[in-house]
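Working notes for the structure below.
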Amino acid sequence: MAIPPLHRWDLSPDEARSLQRELADRVDTGSPLGPCRLIAAADVSYTRGDDRLFAAVVVIDAETSELVERVGLVERARYPYVPGLLSFREAPPVLEAFGRLKHRPDVLLCDGQGIAHPRRLGIASHVGLWLDLPTVGCAKSLLCGSYDEPGPGRGDRSPLIHRGEVVGTVLRTRDRISPVFVSPGHRCDAEGAVRIVMETTGNYRLCTPVRMAHAFVNELRRGAGE
DNA sequence: GCGACAG
DNA sequence: ATCTTGTCGC
């Protein structure tokens with residue numbers, strides 16, 4: 001099924017930021033996340049010398065934790081990395097890869113922020129709007145906002161606040177390990193975002209779907225060049 | 001003006 | 001993200 005284009009991607013940084021403010025109004029972070037049988041995750045990696053970009057989307061069966069399907073691709077980066085504009089660089093290839101899936105996942109976990117973004121449109125939210133699919137932002141580091149250090153145990157959390165708003169959750173996925181930054185992408189609330197991440201996290205800091213996407217994307221780099 | 005800044 | 005050596009710990 002083809003993805004209906006929401007907008008162009010070749011925008012100047014100023015135009016991109018303006019568009020983010022408009023799109024942010026369409027993001028739904030009030031709906032609870034329903035049952036998730038098929039969980040997808042996306043990740044992107046680059047090579048150093050050239051401008052090649054590798055993207056991957058994996059689909060995992062929530063019950064068995066087994067890989068159901070995966071799609072990977074290589075293409076030229078068309079946008080530079082600009083803090084706050086990550087989706088303009090990574091979303092296009094992720095959407096392309098997602099579009100080649102045979103299955104329709106119940107949720108997509110993205111490596112990056114959801115609404116925990118200066119203009120409330122991190123890559124997870126942006127991709128969620130394009131796909132009209134529940135998405136969750138799973139970032140390894142902070143982009144904006146402040147928080148109190150969460151407790152030391154797995155499951156301990158602390159709200160991430162930006163300009164007086166709760167934009168996400170700083171979540172400890174493993175005892176005594178640095179927390180991750182979870183935020184709703186689209187069609188999902190804060191509770192649902194934390195729930196899906198906790199349910200898919202094993203003995204590693206990052207949840208299984210994201211780890212599998214990361215492993216696959218690196219596997220692609222190996223067999224396609226570097 | 002200064003510092004911060006997902007991947 | 002990528003580069004890069006050793007090192008601490010299960």
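The sequence lines fix the lettering, A, B, ..., with proteins before strands; numbering per chain opens at 1.
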Quick one: do [X] and [Y] make a salt bridge, cutoff under 4.0 Å?
X	Y	answer
A/E15	A/R8	no
A/D51	A/R76	yes
A/E199	A/R195	yes

Shortest non-hydrogen contact between A/P134 and A/L33, atoms and distance: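 Minimum heavy-atom separation between A/P134 and A/L33: CB-CD1, 3.7 Å.
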Pair A/Y147 and A/F181, ring centroids less than 6.0 Å apart: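 Ring centroids of A/Y147 and A/F181 are less than 6.0 Å from each other.
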Note, A/E69 side chain near A/V58 side chain (heavy atom, < 4.5 Å):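 They are not in side-chain contact.
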Can you tell which of [options] lies closest to the side chain of [X]?
X	options	answer
A/Q113	B/dG7, C/dT2, B/dA6	B/dA6
A/L86	B/dG7, B/dC5, C/dT2	B/dG7
A/R221	B/dG7, B/dA6, C/dT2	C/dT2
A/H117	C/dT2, B/dG7, B/dA6	B/dA6

Sugar-phosphate, base or nothing in reach of A/L142, heavy atoms under 4.0 Å: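 Touches sugar-phosphate only.
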Stretch residues 159-172 of chain A: residues that reach within less than 4.0 Å of DNA chain B through a heavy atom: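 Listed by number, there are none.
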